[in-house]
Visitor: 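Quick one: structure below, then a few questions.
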Amino acid sequence: MNFEPLVQVPFQQTSNVTHHILSGSFRSVSLFLLAFSPLRSTLELVQTIPGYGPHQYIGLGPQTQGGDARYAYTTSWALPPKLHSWAIAQQPNGPRVRFVDSVNITATSSYITVPPPFSHLYSAGGPSAQVHALPTAGGAGFGSHVQEIYFVPEAEWAAADKTRKALRYGAHGVEFRIAAREPALAFIPVLGGSTIEVYTRAADGMLTHVESSPAPYRADGVAEEDGPRHVKVHPNGRVLYCVTEHSNYLDVYTITSPSPEGTARVLTYVASRSLIPPHVRTEQAADGEKRTWRGDTLLLAPYTQEQGAPQSVFATTRGGEGETTPGWVSVWRLDEEGMFAGDVENNPYLVERYEAMTTGGRAHALDLLAKADDPDGALWVLLTDDSPPHPGVRVLEWDGWLWRGGGARLREVAAWPPLDYYSTETAADSEAEQFTGGSHAVWLD
């Protein structure tokens, strides 16, 4: 298989700007700072940051006043379980990253986020979730431990699996609905329980459980093994999206604020779309076995002045565990309310599919960056890949929904590491740890 990135002539002139990326790895303990040049279609290593990983997920805090620094928070597969914080400071030659501090937790975490008003940090994974205060809003490091939430009966907590193996059937994310004149809500998908747990958030950061929302009924009978894995909330605060790992759907729910009586449901299931092309779901591999996939991550297109509310939602799958089946990136068009814009699967104005080069291994994680001043919603898309023979970080280009002369609207333009990176000679020449497969990467600028 040819792993050289496909380079196409851009439809618009690309400015001579460099975008920086911070990436973790499932098989390296360091973090890696990369630089992407849209003009040259190149992705290069800038800094290897010795770390305490493998780092599964990166959550970014807000830009500090003046925009000269910000902070990142990472989960880790290292033992004993910990969370880590990092400072990203602007230097004359671009950003550089340094370690700040760590905090012990009781079970390996999968996901971490710092929601507005940036006073608390939330992490979730396996049998529990954690709430930590931040020393100052958006500031460096960890403050006091505020709360631990259990996803197993408290009587079973002592015997519960608290290693990274529990991430296969425990909590796998935490996202928030922050809306004016509405209560703040938290949503935690529990993969093994096939539920989305719903909480209200108080001013002191504490979460209070409201409801357990089960997976929707499906005609194919897989609802009990749906595996909700990753959720996101539309900026209007009225719509929630969920990727399911086992059944490979993108589910959409409406959000209603909890009633004082507690009788009305917060989440109401509305619709689903297949994470892979429907006709592909029934294909068989060369040996006659049915192919399988694992739903992974999702993201809404970022808000821009030109686009306003997100017009697109992106979601990924990985190939089935132990298989060579390629994963997929899918993009669906949304209407102004955040719902799917239509039902026609093969309508090129409503859905776009990109078949990845590999299975993705443990990760086909996404991050999105809007192109400056683009009226059509064009984006740069980060896609991590943990699958041999050439794992790494890939940059895809998304043209938006406007056709610009044919060809794929979603395509790879750059990848790192280069093809010779894993050679014996290259490894011997470097004192820094090598990158051995991408987990999660984020745009820094």
Side-chain angles (χ1 to χ4, degrees), residues 1-6 21 23-28 32 34 43 53-58 75 77 110-111 164 167-168 172-173 189 191 227-230 232 243-250 274-277 280-281 283 285 289-299 313-331 352-368 380-398 408 410-417 419 421-422 435-442:
M1 185 179 291
N2 180 17
F3 289 96
E4 290 286 358
L6 175 64
I21 298 158
S23 180
S25 167
F26 281 119
R27 291 177 284 157
S28 307
F32 300 86
L34 310 175
L43 192 57
H55 303 283
Q56 182 184 24
Y57 195 85
I58 302 169
T75 61
W77 280 6
S110 172
Y111 196 85
R164 65 183 178 90
L167 303 180
R168 300 176 182 177
H172 225 288
L191 198 151
R229 189 178 195 273
H230 196 200
K232 288 291 179 181
V243 158
T244 63
E245 178 166 317
H246 298 154
S247 56
N248 291 286
Y249 285 104
L250 175 62
S274 174
L275 294 177
I276 50 181
V280 174
R281 295 179 76 101
E283 287 184 357
E289 295 293 324
K290 185 177 179 180
R291 294 176 177 176
T292 62
W293 293 266
R294 295 166 291 162
D296 201 358
T297 60
L298 76 105
L299 272 180
V313 59
F314 291 69
T316 64
T317 68
R318 299 155 290 160
E321 192 168 359
E323 298 182 16
T324 58
T325 304
W328 288 86
V329 181
S330 299
V331 193
E352 181 81 9
R353 307 281 192 177
Y354 169 84
E355 188 173 19
M357 293 186 175
T358 72
T359 70
R362 297 183 182 95
H364 262 156
L366 289 167
D367 200 28
L368 306 177
W380 298 114
V381 181
L382 281 181
L383 179 69
T384 53
D385 183 352
D386 182 55
S387 179
H390 187 55
V393 178
R394 308 183 189 279
V395 177
L396 312 182
E397 186 173 20
W398 165 247
L410 184 63
R411 58 198 174 274
E412 181 177 320
V413 296
W416 183 83
L419 293 176
Y421 181 82
Y422 297 103
F435 180 93
T436 53
S439 55
H440 181 227
V442 294

Visitor: Side chain to side chain contact (heavy atoms under 4.5 Å, CB included), that's the test. Do T292 and T325 meet it? Break it down for me.
Guide: CA-CA 7 Å; T292 62; T325 304; 6.0 Å; no
Visitor: Say you draw a straight line from NE2 of H364 to CZ of R394; how long is it, rounded to the nearest 0.5 Å?
Guide: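 If I round to the nearest 0.5 Å, the distance is 7.0 Å.
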Visitor: For the CG atom of L298 and the OG1 atom of T316, what is their distance to the nearest 0.5 Å?
Guide: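 It is 8.0 Å, given to the nearest 0.5 Å.
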Visitor: Would you please name every residue forming a side chain to side chain donor-acceptor pair (under 3.5 Å) with R27, sequence neighbours left out?
Guide: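 Applying side chain to side chain donor-acceptor pair (under 3.5 Å) to R27 gives D386.
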Visitor: Quick one: list whatever passes side chain to side chain donor-acceptor pair (under 3.5 Å) with D367, sequence neighbours left out.
Guide: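 Here no residue qualifies.
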Visitor: Please report the shortest heavy-atom distance between P228 and P189, naming the atom on each side.
Guide: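 Looking at all heavy atoms of both residues, the closest pair is O-CB, 3.6 Å.
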Visitor: So, using side chain to side chain donor-acceptor pair (under 3.5 Å) as the criterion, who are the partners of S330 when residues are at least two apart?
Guide: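 Applying side chain to side chain donor-acceptor pair (under 3.5 Å) to S330 gives R353.
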Visitor: Donor-acceptor pair, T317 side chain versus L275 backbone, under 3.5 Å?
Guide: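 No; judged by distance alone, with no hydrogens or angles, the pair does not exist.
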Visitor: Identify the heavy atoms of P417 and G392 that sit nearest to each other, and give their distance.
Guide: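 What the structure gives for the nearest pair is CD-CA, 3.8 Å.
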Visitor: Quick one: list whatever passes side chain to side chain contact (heavy atoms under 4.5 Å, CB included) with S28, sequence neighbours left out.
Guide: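 Applying side chain to side chain contact (heavy atoms under 4.5 Å, CB included) to S28 gives S25, F32, E433, T436.
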Visitor: Might you work through the salt bridge (charged side-chain N to carboxylate O under 4.0 Å, His left out) test for E245 and R294, ending with a clear yes or no?
Guide: CA-CA 5 Å; E245 178 166 317; R294 295 166 291 162; 5.8 Å; no
Visitor: Whether the side chain of R281 engages the backbone of N248 through a donor-acceptor N/O pair (distance < 3.5 Å, no angle test) should be reported.
Guide: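 At least one qualifying donor-acceptor pair exists.
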Visitor: Between V381 and Y354, does the side chain to side chain contact (heavy atoms under 4.5 Å, CB included) criterion hold? Intermediate values first, please.
Guide: CA-CA 12 Å; V381 181; Y354 169 84; over 6 Å; no
Visitor: Do the side chain of W293 and the main chain of P326 share a donor and acceptor less than 3.5 angstrom apart?
Guide: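 Answer holds: yes.
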Visitor: For a quick check under 3.5 Å, do D385 and T358 share a side-chain donor-acceptor pair by atom type?
Guide: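 Distance-only check passes for D385 and T358.
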Visitor: For a side chain to side chain contact (heavy atoms under 4.5 Å, CB included) check, start with the C-alpha distance between W77 and L167, then their side-chain angles and the critical distance, and finish with the verdict.
Guide: CA-CA 11 Å; W77 280 6; L167 303 180; 3.7 Å; yes
Visitor: Determine, stepwise, if the pair E412 / M357 fulfils side chain to side chain contact (heavy atoms under 4.5 Å, CB included).
Guide: CA-CA 10 Å; E412 181 177 320; M357 293 186 175; 3.5 Å; yes
Visitor: Is H55 reaching over with its side chain to a backbone N or O of S23, donor-acceptor style, under 3.5 angstrom?
Guide: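 A pair under 3.5 Å: no.
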Visitor: Excluding sequence neighbours, so at least two apart, what forms side chain to side chain contact (heavy atoms under 4.5 Å, CB included) with A365?
Guide: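 Scan of A365 (side chain to side chain contact (heavy atoms under 4.5 Å, CB included), adjacent residues dropped) gives T297, T384, H440.
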Visitor: Can you tell me which residue among W416, F26, Y421 is in a ring pair (Phe, Tyr, Trp, His ring centres under 6.0 Å) with F435?
Guide: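 Testing each of W416, F26, Y421 against F435, the sole residue satisfying ring pair (Phe, Tyr, Trp, His ring centres under 6.0 Å) is W416.
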Visitor: Not counting sequence neighbours, which residues clear side chain to side chain donor-acceptor pair (under 3.5 Å) with T75? List them please.
Guide: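 Here no residue qualifies.
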Visitor: Taking all non-hydrogen atoms of both residues, which atom of G437 and which atom of P391 are closest, and how far apart?
Guide: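 G437 and P391 have their closest heavy atoms at CA-CB, 3.6 Å.
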Visitor: In a check of side-chain contact (heavy atoms from CB on, under 4.5 Å) between Y111 and each of H230, R229, Q56, which one passes?
Guide: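 The option that passes is H230.
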